[in-house]
Amino acid sequence: QVQLVESGGGLVQAGGSLRLSCAASGSIFGTMGWARQAPGKEREPVANITRGGRINYADSVKGRFTISRDNAKNTVFLQMNSLKLEDTAVYYCNARVVITKPPIWGQGTQVTVSS
């Protein structure tokens with residue numbers, strides 16, 4: 001069974017940057033992406049990328065976050081710049097191992113933006 005392991009979260013001041021990584025233990029043929037959940041809020045999608053490189057971003061992160069993917073290493077990245085207090089959340093990696101199956105999820109990594 002394929003598993004996802006996230007890394008790169010932490011504490012950063014507003015305006016700073018962080019880079020999240022998510023490595024899959026096996027091949028991922030479908031879309032990979034990131035979602036986040038802030039305290040007291042529902043989980044929301046942040047960005048996703050297809051195996052062919054087609055990308056979608058949530059409006060709240062456009063122009064600040066960049067998603068990328070290394071298919072050879074089954075890894076997806078999220079470069080987060082110009083971080084805001086409202087970006088504070090647990091960030092979850094997700095991936096469709098095959099297009100026809102529901103996505104699998106990582107355990108989450110905490111991102112905290114301070115003033």
*Within a strict 4.5 Å, meaning less than it, do heavy atoms of the Gln79 and Ser17 side chains meet?*
yes
*Can you tell me how far CD of Glu42 sits from CD of Gln37, rounded to the nearest 0.5 angstrom?*
8.0 Å
*Would Val5 and Ile104 show up in the same hydrophobic cluster when neighbours are defined by side-chain heavy atoms closer than 4.5 Å?*
no
_Under a 3.5 Å distance rule, please check whether Thr50 uses its side chain to pair with a backbone N or O of Thr31 as donor and acceptor._
no
*What is the distance from atom CG of Leu11 to atom CD of Gln110, rounded to the nearest 0.5 Å?*
9.5 Å
*Please report the closest heavy-atom contact between Ile28 and Ala24, naming both atoms and the distance.*
CG1-CB, 3.6 Å
*Please say whether more than 12 non-hydrogen atoms of neighbouring residues, nucleotides or ligands are located less than 6.0 Å from CD in Gln107.*
yes
*Nearest non-hydrogen partners of Asn94 and Pro103, listed with the distance*: CB-CB, 4.4 Å
*Working to the nearest 0.5 Å, report the span between CG of Asn48 and CE of Met32.*
11.5 Å
*Which pair of heavy atoms, one from Ser27 and one from Asn74, lies closest together, and at what distance?*
CA-OD1, 3.3 Å
*Is there a side-chain contact between Met80 and Val111, using heavy atoms and a 4.5 Å cut-off?*
yes
_Any heavy-atom pair between the side chains of Ser115 and Leu85 that's under 4.5 Å?_
yes
*Kindly give the heavy-atom pair with the smallest separation between Ala35 and Arg43, and that separation in Å.*
CB-CG, 3.9 Å
*If two hydrophobic side chains count as joined below 4.5 Å and joins carry through other members, does Leu18 share a cluster with Phe77?*
no
*Is Leu20 linked to Tyr92 within one hydrophobic cluster, defined over Ile, Leu, Val, Met, Phe, Trp and Tyr using a side-chain heavy-atom separation of less than 4.5 Å?*
no
*Can a salt bridge be assigned to the pair Lys62 and Asp59 using a cut-off of 4.0 Å between side-chain N and carboxylate O?*
yes
*asked:* Could you report the tightest heavy-atom contact between Ile67 and Gly33, atom names first, then the distance?
replied: CD1-CA, 4.1 Å
*Could you tell me whether the side chain of Arg64 reaches within less than 4.5 Å of the side chain of Lys84, counting heavy atoms only?*
yes
*Between the main-chain N or O of Lys101 and the side-chain N or O of Arg96, is there a donor-acceptor pair closer than 3.5 Å?*
yes
*Which distance, rounded to the nearest 0.5 Å, do you find between the CG of Asp87 and the OG of Ser60?*
7.0 Å
*asked:* I'd like to know if the side chain of Arg36 reaches the main chain of Val46, judged simply by a donor and an acceptor atom lying under 3.5 Å from each other, with no hydrogens or angles considered.
replied: no
*For residues Ser114 and Val12, determine if any side-chain heavy atom of one lies less than 4.5 Å from a side-chain heavy atom of the other.*
no
*asked:* Between Arg69 and Ile49 (side chain of the first, backbone of the second, donor and acceptor by atom type, cut-off under 3.5 Å), is there such a pair?
replied: yes
*Which word best sums up how the rings of Phe65 and Tyr91 line up, parallel for under 30°, tilted for 30 to 60°, or perpendicular for over 60°?*
tilted
*Take Thr88 and Glu86 through the side chain to side chain donor-acceptor pair (under 3.5 Å) test and state the conclusion after the steps.*
CA-CA 5 Å; Thr88 295; Glu86 52 264 41; over 6 Å; no
*Would you say Thr66 and Tyr57 make side-chain contact, with heavy atoms under 4.5 Å?*
yes
*Are Cys93 and Val76 side-chain neighbours, meaning at least one heavy-atom pair lies under 4.5 Å?*
yes
*Considering all heavy atoms, the nearest Leu4-Ala95 contact*: CD1-N, 3.9 Å
